[in-house]
Amino acid sequence: MSVSWRGPTVLAATLVALLGTALPAHAAAGPPPGSIASMGDSITRGFNACGWFVDCPSRSFSTGSTTAVNSHYLRIRAKNPAIDGHASNDARSGAKVADMPGQAATVVSQRAAYVTILIGANDACTSSEASMTSVAAFRGSLDSALGTLKAGLPDTKVLLISVPDLKRLWQVGKDSSGARTAWGLFSICQSMLANPTSTAAADTARRDRVRQRVIDYNGQLAAACTAYGANCKYDGGAVFGYAFQLSQISTWDYFHPNASGQAVLATVSYGAGFGW
């Protein structure tokens with residue numbers, strides 16, 4: 001069966017008929033929003049980006065007010081001054097995906113017009129490989145949170161940000177005595193970072209499996225966003241694919257982004273977003 005070119009509308013209708021399914025809807029981003037809220041964990045809280053083991057929400061890539069970071073909030077404010085003062089950081093340090101439904105309920109109560117979600121690092125960064133959140137449980141909590149947002153804020157734009165590549169953290173930090181000391185002293189992300197200098201087959205395989213779990217989480221973020229509809233945007237793996245450097249990581253724990261890392265995270269995630 002041949003299909004002749006008769007314009008995009010006719011071609012789309014023909015493809016639907018051939019494939020038996022509707023093409024995904026892609027709504028325009030619309031004007032820059034007048035309010036923003038962030039969901040997630042310690043990365044979104046700016047943990048360790050300004051001091052010793054404290055949250056630094058002013059340096060958050062999403063809702064922060066620090067000029068040097070140039071957060072989503074500040075980038076939008078430069079285009080829509082009405083957003084000034086309407087930024088809520090609802091993330092919590094230590095949060096996992098299971099905490100997202102509760103955070104979503106808070107965001108709904110705030111009537112945010114734009115929401116960023118970065119979650120999953122703590123689901124993979126656990127005391128051992130065996131204690132990582134399963135892919136099925138990750139998707140279940142994610143769907144619950146997104147369902148709350150969609151029901152309560154049907155017109156709100158939602159940006160799902162990919163989980164960073166945890167193996168990259170090991171790669172850039174394993175040769176640093178400071179990083180190795182911090183990882184061991186504070187038992188940081190032992191599923192990935194245990195025995196950081198080991199080249200044994202078992203440790204190499206473990207790191208690869210943890211990285212695969214992060215990839216699987218990101219696959220679920222992408223799929224859940226597609227299921228959500230036109231008001232959801234996945235970053236396409238932009239944050240996962242960014243090759244961050246050790247200089248962008250806090251020297252307090254060699255795990256969280258410092259102010260420079262938060263600035264890069266803002267640039268990469270905003271650039272992969274709605275295009276305001």
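Side-chain atoms are counted along with the backbone in the values below, which use heavy atoms only and exclude waters and symmetry mates.
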Participant: So does Thr44 get a backbone contact from the side chain of Asn89, meaning a donor-acceptor N/O pair under 3.5 Å?
Facilitator: yes

Participant: Do Ile188 and Trp52 share a hydrophobic cluster, counting only Ile, Leu, Val, Met, Phe, Trp and Tyr and linking them when any side-chain heavy atoms are less than 4.5 Å apart?
Facilitator: yes

Participant: Check the pair Thr66 / Gln262 against side-chain contact (heavy atoms from CB on, under 4.5 Å), numbers first and verdict last.
Facilitator: CA-CA 10 Å; Thr66 300; Gln262 288 283 344; over 6 Å; no

Participant: Given Ile117, which of Leu146, Leu221, Val97, Ile161 fulfils the side chain to side chain contact (heavy atoms under 4.5 Å, CB included) condition?
Facilitator: Leu146

Participant: Are the side chain of Thr181 and the backbone of Ser177 linked by a donor-acceptor contact shorter than 3.5 Å?
Facilitator: yes

Participant: Could you name each residue pair satisfying salt bridge (charged side-chain N to carboxylate O under 4.0 Å, His left out) that touches residues 235-244, not counting sequence neighbours?
Facilitator: none

Participant: Nearest 0.5 Å, please: how far is OG in Ser162 from OH in Tyr242?
Facilitator: 13.5 Å

Participant: Can a donor-acceptor pair be found, under 3.5 Å and without considering hydrogens, that links the side chain of Trp183 to the backbone of Cys189?
Facilitator: no

Participant: Would you call Arg211 and Asp208 a salt bridge, taking side-chain N to carboxylate O under 4.0 Å as the test?
Facilitator: no

Participant: Less than 4.0 angstrom from a charged side-chain N to a carboxylate O is my criterion; do Arg77 and Asp84 meet it?
Facilitator: yes

Participant: Are Leu169 and Phe244 close enough, and set up right, to give a side-chain contact (heavy atoms from CB on, under 4.5 Å), and what steps lead you there?
Facilitator: CA-CA 8 Å; Leu169 177 63; Phe244 58 85; 4.0 Å; yes

Participant: Hey, are the side chains of Gln245 and Val264 touching, using non-hydrogen atoms and a 4.5 Å cut-off?
Facilitator: no

Participant: I want to check something: taking the side chain as every heavy atom from C-beta on, are Tyr270 and Ile76 in contact at a cut-off of under 4.5 Å?
Facilitator: yes

Participant: Dump the intermediate steps for side-chain contact (heavy atoms from CB on, under 4.5 Å) on Asn80 and Trp276, then the final yes or no.
Facilitator: CA-CA 10 Å; Asn80 180 14; Trp276 293 305; over 6 Å; no

Participant: Is there a donor-acceptor contact under 3.5 Å linking the side chains of Arg75 and Thr267?
Facilitator: yes

Participant: Is there a side-chain contact between Leu160 and Tyr228 in this structure, where contact means two heavy atoms from C-beta onward sitting under 4.5 Å apart?
Facilitator: no

Participant: Under 3.5 Å, is there a donor-acceptor pair between the side chain of Lys157 and the main chain of Tyr114?
Facilitator: no

Participant: Could you tell me whether Asp143 and Arg139 make a salt bridge, using a distance below 4.0 angstrom between a side-chain N and a carboxylate O?
Facilitator: yes

Participant: In Å, rounded to the nearest 0.5 Å, how long is the span from CD of Gln248 to NE2 of His256?
Facilitator: 15.5 Å

Participant: Would you check if the side chain of Arg92 reaches a backbone N or O of Gly40 as a donor-acceptor pair within less than 3.5 Å?
Facilitator: no

Participant: Please report the interatomic distance OG(Ser128) to CD(Gln190), rounded to the nearest 0.5 Å.
Facilitator: 10.0 Å

Participant: So Gln212 and Ile215, side-chain contact (heavy atoms from CB on, under 4.5 Å) or not? Walk me through it.
Facilitator: CA-CA 5 Å; Gln212 185 59 52; Ile215 291 172; 3.7 Å; yes

Participant: With no hydrogens and no angle check, is any side-chain donor or acceptor of Glu129 less than 3.5 Å from a backbone partner on Val210?
Facilitator: no

Participant: Which atoms form the tightest heavy-atom contact between Asn122 and Gly94, and what is the distance?
Facilitator: ND2-C, 3.4 Å

Participant: Looking at side-chain heavy atoms only, is the closest gap between Arg111 and Leu153 below 4.5 Å?
Facilitator: yes

Participant: Quick one: pull up CG in Asp41 and CD1 in Ile119 and give me the separation to the nearest 0.5 Å.
Facilitator: 4.5 Å

Participant: So which heavy atom on Ser93 is nearest to which on Phe47, and how close?
Facilitator: OG-CD1, 3.9 Å

Participant: Mind checking the OG-OH spacing from Ser134 to Tyr217? Nearest 0.5 Å is all I need.
Facilitator: 7.0 Å

Participant: Mind checking whether Lys174 and Arg180 have side chains closer than 4.5 Å, heavy atoms only?
Facilitator: no

Participant: Once ring pair (Phe, Tyr, Trp, His ring centres under 6.0 Å) is applied, do any residues pair with Phe186, and if so which ones, sequence neighbours excluded?
Facilitator: Phe53

Participant: Say you draw a straight line from SG of Cys232 to CZ of Phe274; how long is it, rounded to the nearest 0.5 Å?
Facilitator: 6.5 Å

Participant: Taking C-beta and beyond as the side chain, do Phe240 and Val163 meet within less than 4.5 Å on heavy atoms?
Facilitator: no

Participant: Any side-chain heavy atom of Trp170 sitting closer than 4.5 Å to one from Pro196?
Facilitator: yes

Participant: Has Ser88 got a side-chain atom pairing as donor or acceptor with Ala37's backbone, closer than 3.5 angstrom?
Facilitator: no

Participant: Mark yes or no for whether Ser71, through its side chain, and Leu74, through its backbone, hold a donor-acceptor pair below 3.5 Å.
Facilitator: yes

Participant: Do Thr116 and His72 pair up side chain to side chain, a donor and an acceptor below 3.5 Å, judged on atom types alone?
Facilitator: no

Participant: Verify, without hydrogens or angle tests, whether Asp55 (side chain) and Pro57 (backbone) share a donor-acceptor contact under 3.5 angstrom.
Facilitator: no

Participant: Could you tell me whether the side chain of Arg213 and the main chain of Thr133 form a donor-acceptor pair under 3.5 Å?
Facilitator: yes

Participant: What about Leu265 and Val69, same hydrophobic cluster or not, with Ile/Leu/Val/Met/Phe/Trp/Tyr joined at side-chain heavy-atom distances under 4.5 Å?
Facilitator: no

Participant: Flag the pair Cys125 / Phe255 as yes when at least one side-chain heavy-atom distance between them is below 4.5 Å, and no otherwise.
Facilitator: yes

